Amino acid sequence: YCLAPVYEGSPNAAAMVERGTLCPLPNAKMEADSIQYLFGKMAFRSYAKTDSEVLDSLAYARIFHFSGHAVVKKHEAYLAMGSLDGQEYKLMADELSLLSNGPDLVVLSACETGLGTLETGEGIRSLGRSFAEAGAEATVFSLWNVYDYPTAKIMISFYRYLLEDFPVDEALRKAKLLYLSVSDEDMRHPYFWAGFVAAGSLSEK
């Protein structure tokens with residue numbers, strides 16, 4: 001299940017827009033299109049904005065890929081799904097942690113999805129952790145604001161390696177190495193590629 005929300009506003013002329021500023025993300029759409037192509041008929045693509053519609057779909061997915069904006073501020077963390085009829089829709093971290101029979105693998109291709117509030121005895125309450133609490137065996141999340149274009153390139157390669165039966169962490173490592181091998185020198189700084197990390201592993205099913 002690949003979710004790629006459509007955000008209102010004028011497209012940013014710079015391809016280096018960050019995935020946390022609630023502006024249109026042209027490379028996020030390209031990312032989602034490419035992932036859907038890789039999985040073919042097994043992939044379900046959605047531009048859904050309402051939280052109930054997304055939560056219903058998550059119950060039937062083994063993999064959930066979110067390509068869009070995430071917002072983390074103080075005690076609030078959510079996946080932003082844009083607005084409809086003047087109402088802003090969000091998937092809140094607390095809401096996601098209550099999922100039952102959720103996906104086995106969750107990839108949050110957005111900003112700061114591994115960050116959140118540090119709670120004594122509990123650790124960091126992040127969007128990535130919310131899915132782990134809901135039963136995800138493996139999660140991929142970000143530790144800082146990530147740029148649209150490099151993120152799309154890394155994620156597409158990640159799924160190619162995943163479909164070659166590489167473990168989640170190895171697929172992500174190889175995707176980063178490929179990105180470094182084909183990128184211009186000014187795009188090889190760790191800020192552009194090192195923000196995503198993997199936690200957990202998928203069991204055979």
Side-chain angles (χ1 to χ4, degrees), residues 1-7 18-22 25 28 31-32 35 43-84 87-146 151 155 158-159 162 167-169 171-172 195-205:
Y1 175 43
C2 190
L3 176 60
V6 176
Y7 301 98
E18 291 180 344
R19 295 193 177 185
T21 52
L22 300 186
L25 295 171
E31 173 185 318
I35 293 169
F44 172 63
R45 173 76 178 280
S46 174
Y47 298 98
K49 290 183 177 179
T50 63
D51 49 357
S52 59
E53 187 176 354
V54 174
L55 292 172
D56 288 344
S57 298
L58 287 176
Y60 301 97
R62 188 182 179 202
I63 299 174
F64 172 50
H65 181 89
F66 178 82
S67 180
H69 288 300
V71 177
V72 179
K73 51 184 179 182
K74 295 185 179 180
H75 296 284
E76 185 178 59
Y78 61 88
L79 301 178
M81 295 185 292
S83 59
L84 183 65
Q87 181 177 353
E88 185 178 2
Y89 286 93
K90 309 172 182 179
L91 279 176
M92 307 299 297
D94 292 342
E95 184 179 24
L96 294 167
S97 66
L98 299 176
L99 283 171
S100 59
N101 192 32
D104 298 326
L105 170 62
V106 174
V107 180
L108 301 176
S109 184
C111 288
E112 299 184 336
T113 47
L115 303 186
T117 303
L118 178 62
E119 296 184 359
T120 303
E122 294 292 334
I124 296 176
R125 310 291 302 188
S126 68
L127 287 159
R129 176 168 174 173
S130 293
F131 280 102
E133 291 176 343
E137 296 180 359
T139 54
V140 175
F141 48 82
S142 61
L143 300 179
W144 53 75
N145 286 340
V146 293
T151 294
M155 287 299 167
F158 165 74
Y159 280 101
L162 196 68
V168 174
D169 56 348
L172 183 60
F196 285 100
V197 297
S201 60
L202 290 174
S203 59
E204 293 294 330
K205 291 188 178 180

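No experiment lies behind these values; they were computed from the predicted model shown.
- With sequence neighbours left out, Glu133 forms a side-chain hydrogen bond (donor to acceptor under 3.5 Å, both in side chains) with Arg125, Arg129.
- In this structure, the side-chain hydrogen bond (donor to acceptor under 3.5 Å, both in side chains) partners of Ser142, at least two apart in sequence or on a different chain, are Thr113.
- Residues Ile124 and Gly116 share a closest heavy-atom pair of CG2-N, 3.5 Å.
- Shown here are the side chain to side chain contact (heavy atoms under 4.5 Å, CB included) partners of Thr117, two or more places apart in sequence or in another chain: His75, Glu119.
- For Tyr78, the ring-ring contact (aromatic ring centres under 6.0 Å, His included) criterion is met by no residue, not counting sequence neighbours.
- The OG atom of Ser57 sits 9.0 Å away from the CZ atom of Phe64 when rounded to the nearest 0.5 Å.
- Closest of all the heavy-atom pairs between Met81 and Lys90 is CE-C, 3.8 Å.
- Between Leu79 and Leu96, the closest side-chain pair of non-hydrogen atoms falls below 4.5 Å.
- For the ring pair (Phe, Tyr, Trp, His ring centres under 6.0 Å) condition, no pair includes a residue of residues 98-120, sequence neighbours left out.
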Would Tyr89 and Val54 count as a side-chain contact (heavy atoms from CB on, under 4.5 Å) here? Give the steps. CA-CA 11 Å; Tyr89 286 93; Val54 174; over 6 Å; no
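- The side-chain heavy atoms of Phe196 and Thr151, taken from C-beta on, include a pair separated by under 4.5 Å.
- Here the closest non-hydrogen pair linking Ala138 and Ser201 is CB-N, 3.8 Å.
- For the atom pair CZ of Phe44 and SG of Cys2, the computed distance is 10.5 Å after rounding to the nearest 0.5 Å.
- For the side chain to side chain contact (heavy atoms under 4.5 Å, CB included) test, residues two or more places apart in sequence or in another chain that qualify with Ala134 are Leu99.
- Smallest separation of non-hydrogen atoms from Asp94 and Ser130: N-OG, 4.4 Å.
- In this structure, the separation between CG on Leu98 and CG on Leu55 is 10.0 Å, given to the nearest 0.5 Å.
- Under the 3.5 Å distance criterion, the side-chain polar atoms of Tyr1 are left unmatched by any main-chain donor or acceptor of Pro103.
- The side chain to side chain contact (heavy atoms under 4.5 Å, CB included) check on Ala198 picks up Val140, Val168, Asp169, Leu172, with sequence neighbours excluded.
- Contact detail for Ala110 and His69: the closest heavy-atom pair is CB-C, 4.1 Å.
- The heavy-atom pair separating Leu91 from Leu127 by the smallest distance is O-CD2, 4.2 Å.
- Between Glu112 atom CD and Ser126 atom OG the span is 11.5 Å, to the nearest 0.5 Å.
- Not counting sequence neighbours, Phe158 has no partner by the ring-ring contact (aromatic ring centres under 6.0 Å, His included) test.
- With sequence neighbours excluded, the residues forming a side chain to side chain contact (heavy atoms under 4.5 Å, CB included) with Thr139 are Val106, Phe131, Ala136, Phe141, Ala199, listed by chain and number.
- Rounded to the nearest 0.5 Å, atoms CG (Leu105) and CZ (Arg62) are 8.5 Å apart.
- Annotation: side chain of Met155 is not in contact with side chain of Ser67 (no heavy-atom distance under 4.5 Å).
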